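Notes follow once the structure below has been shown.
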Amino acid sequence: MPKTPYQHDAAYKNLFTDPEMVASLLRRFVPADIVAEMDFSSLEPFPSERIAEDRRERRNDIVWRVRLKESFCYLLFLLEFQSREDWWMAVRILAYTALLWQDIIKADKLGAGDRLPPVFPLVLYNGGKAWKAPTDLRDLLLSHKKSLENYQPRQQYFLLDAGRVPEETLAGNNDLATLLIRFERARNIGEIIHILTELCMVLPSSERLHLHRAFISWLGSNVFRRTEISEDILHCNTIQEARSMLADIAPHWEQNFMEKGIAIGKQEGMTEGIRNVLHDLLQNRFSTLPQDICTSIANMTDTNALRMLTREVYQVESLEAFQILLKQAVVSKN
């Protein structure tokens with residue numbers, strides 16, 4: 001049964017309920033001057049029972065607390081999985097930060113003369129298109145008189161657009177956060193097995209079993225979504241088991257998937273069957289698809305062009321690159 005978007009989001013979020021994953025993300029992708037004073041050994045989640053009722057339904061935000069030299073800093077993580085950016089994210093961050101401070105005031109019984117701890121908001125985005133929304137609230141405000149400047153709220157957030165991290169930043173690194181991004185960019189099952197081999201060295205089979213299960217759940221709901229592998233991999237208990245299972249089926253899996261498409265084609269009509277396989281492969285690799293891609297595929301009648309595009313799904317570097325191939329196929333047919 002295909003995973004729902006909520007299951008996908010929950011699997012992704014589960015990875016960042018582990019302090020080692022959080023520390024890896026901060027060390028690798030956040031500027032050094034921000035994390036220099038953070039004591040990662042002190043990382044602890046902000047207890048859910050201390051979060052106000054009006055925040056508990058915001059399921060994709062995670063709050064961690066880390067000790068600085070002289071105080072604590074609260075790390076507010078927002079995980080965004082939609083295909084388009086949220087233009088008003090800076091407003092959401094402002095509201096989340098204010099609510100978090102209210103939670104802290106209530107939980108720690110802060111009073112007159114006390115000071116609020118700093119908050120570092122980080123948005124982790126893994127959509128197909130580049131994030132273009134302002135990261136500074138001031139860029140969303142209408143021009144106003146200078147005399148009003150001091151009365152306007154200020155808020156910024158740190159954006160990690162996973163799809164746009166330069167390859168040179170990822171190359172040669174095998175920390176947990178880097179491997180997660182490399183998984184999302186893998187073009188075929190062979191690359192996935194190679195990355196799993198590196199992950200096996202970072203996570204020995206007898207250590208941190210929660211992270212093993214979190215990665216396995218994420219692989220099933222994200223990397224292999226909408227395939228028979230999704231269910232099979234969930235039966236593995238460690239990354240090592242998952243790698244062995246994939247290595248065993250790798251020589252036959254992609255060919256079998258194509259043969260499955262041909263079988264569907266015989267039942268539904270060859271062209272319609274290959275359309276369905278192409279759509280499933282794209283969703284498996286890139287998650288949510290823009291409507292224009294779905295429409296273009298649905299309108300294609302050239303079986304050979306559909307087969308060519310199906311073979312290219314695991315070779316292209318991005319959804320944008322696939323769109324170029326799709327447009328070329330449509331234009332050449334017309």
Side-chain angles (χ1 to χ4, degrees), residues 1-3 7-29 35 38-45 62 64 66 75 77 79 81 124 126 160 162 165 167 169-254 256-257 284-285 287 314:
M1 180 179 296
K3 301 291 180 183
Q7 287 172 303
H8 168 221
D9 295 0
Y12 209 114
K13 179 178 178 180
N14 192 35
L15 284 166
F16 290 95
T17 60
D18 187 279
E20 191 167 352
M21 176 62 76
V22 173
S24 175
L25 184 76
L26 293 169
R27 286 192 181 105
R28 175 59 59 191
F29 299 110
V35 301
M38 293 183 182
D39 176 8
F40 292 116
S41 66
S42 70
L43 272 169
E44 60 178 353
I62 304 172
W64 284 86
V66 64
L75 310 170
F77 287 84
L79 309 178
F81 308 100
L124 175 58
N126 69 345
L160 176 54
V165 175
E167 286 295 334
T169 301
L170 302 177
N173 295 307
N174 64 353
D175 58 279
L176 294 173
T178 297
L179 292 176
L180 178 65
I181 295 176
R182 287 174 56 195
F183 271 128
E184 294 192 317
R185 296 189 184 184
R187 293 172 292 181
N188 52 58
I189 197 168
E191 288 188 19
I192 292 170
I193 292 171
H194 177 74
I195 299 168
L196 276 172
T197 301
E198 295 185 63
L199 185 57
C200 286
M201 293 186 287
V202 179
L203 291 177
S205 59
S206 60
E207 297 180 11
R208 299 174 293 239
L209 292 180
H210 170 265
L211 261 179
H212 284 262
R213 291 300 306 164
F215 264 104
I216 288 169
S217 176
W218 179 81
L219 287 167
S221 65
N222 183 53
V223 177
F224 295 111
R225 191 168 65 95
R226 295 175 64 86
T227 75
E228 66 276 10
I229 293 179
S230 179
E231 294 300 324
D232 293 340
I233 201 170
L234 293 178
H235 295 295
C236 300
N237 292 312
T238 66
I239 294 297
Q240 287 73 14
E241 290 180 19
R243 186 203 173 284
S244 296
M245 185 270 287
L246 291 176
D248 288 340
I249 67 173
H252 314 288
W253 179 69
E254 291 186 13
N256 288 345
F257 207 91
N284 172 48
R285 181 157 184 217
S287 190
Y314 283 102

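The first residue of the sequence shown is numbered 1, and numbering continues consecutively from there. Since the model is a prediction, treat every value here as computed from it, not as a measurement.
- Taking all atoms of both residues into account, the shortest heavy-atom contact from Leu26 to Val35 is O-CG1, 3.9 Å.
- For His194, the side-chain contact (heavy atoms from CB on, under 4.5 Å) partners two or more places apart in sequence, or in a different chain, are Arg182, Glu198.
- By the 30° and 60° cut-offs, the orientation of the rings of Tyr12 relative to Trp218 is perpendicular.
- A donor-acceptor pair is defined here as one N or O able to donate and one able to accept, closer than 3.5 Å; such a pair exists between the side chain of Trp64 and the backbone of Phe16.
- The salt bridge (Lys or Arg N to Asp or Glu O under 4.0 Å) test applied to Glu241 returns no partner, not counting sequence neighbours.
- Side-chain contact between Leu160 and Val165 is present, with heavy atoms from C-beta onward closer than 4.5 Å.
- The two atoms that bring Leu43 and Pro19 nearest to each other are CD1-O, 3.6 Å, heavy atoms only.
- In this structure, Leu219 and Leu196 have side chains that are in contact, with non-hydrogen atoms separated by less than 4.5 Å.
- Scored by the salt bridge (Lys or Arg N to Asp or Glu O under 4.0 Å) test, Asp18 finds no partners at all (sequence neighbours excluded).
- For Glu167, the salt bridge (Lys or Arg N to Asp or Glu O under 4.0 Å) partners are Arg185, not counting sequence neighbours.
- Using a 4.5 Å cut-off on side-chain heavy atoms (C-beta onward), Leu176 and Leu203 make contact.
- With sequence neighbours excluded, the residues forming a side-chain hydrogen bond (donor to acceptor under 3.5 Å, both in side chains) with Arg28 are Asn173, Asp175, listed by chain and number.
- Legend: residues meeting side-chain hydrogen bond (donor to acceptor under 3.5 Å, both in side chains) with Thr197, ordered by chain and number and at least two apart, are Arg243.
- Considering CG of Leu15 and NZ of Lys13, their distance stands at 12.5 Å, rounded to 0.5 Å.
- With Ser244 contributing its side chain and Gln240 its backbone, the two residues share a donor-acceptor pair below 3.5 Å.
- The nearest pair of heavy atoms linking Thr238 to Ser205 is CG2-O, 3.9 Å.
- A distance of 8.0 Å separates CZ of Arg213 from SG of Cys236, quoted to the nearest 0.5 Å.
- Contacts classified as salt bridge (Lys or Arg N to Asp or Glu O under 4.0 Å) and involving residues 199-210 (residues at least two apart or in different chains) are given here: Glu20-Arg208.
- Closest heavy-atom contact between Ala177 and Ser24: N-OG, 2.9 Å.
- Looking only at side-chain heavy atoms (C-beta outward), Ile62 and Val22 stay at 4.5 Å or farther from each other.
- Atoms CD1 and SG, from Ile193 and Cys200 in turn, are 11.0 Å apart once rounded to the nearest 0.5 Å.
- In terms of the side-chain hydrogen bond (donor to acceptor under 3.5 Å, both in side chains) criterion, residue partners of Thr17 (sequence neighbours excluded) are, by chain and number, Asn14.
- Take Asn237 and apply the side-chain hydrogen bond (donor to acceptor under 3.5 Å, both in side chains) test, not counting sequence neighbours, and it matches no residue.
- Between atom CG of residue Leu179 and atom CG of residue Leu170 there is a gap of 9.5 Å, rounded to the nearest 0.5 Å.
- Here CD1 of Ile239 is found 5.0 Å from CD1 of Ile216. Values are rounded to the nearest 0.5 Å.
- Nearest heavy-atom pair across Ile181 and Ala162 is CG2-O, 3.7 Å.
- Pairing each heavy atom of Met245 with each of Ile233, the nearest pair is CE-CA, 3.5 Å.
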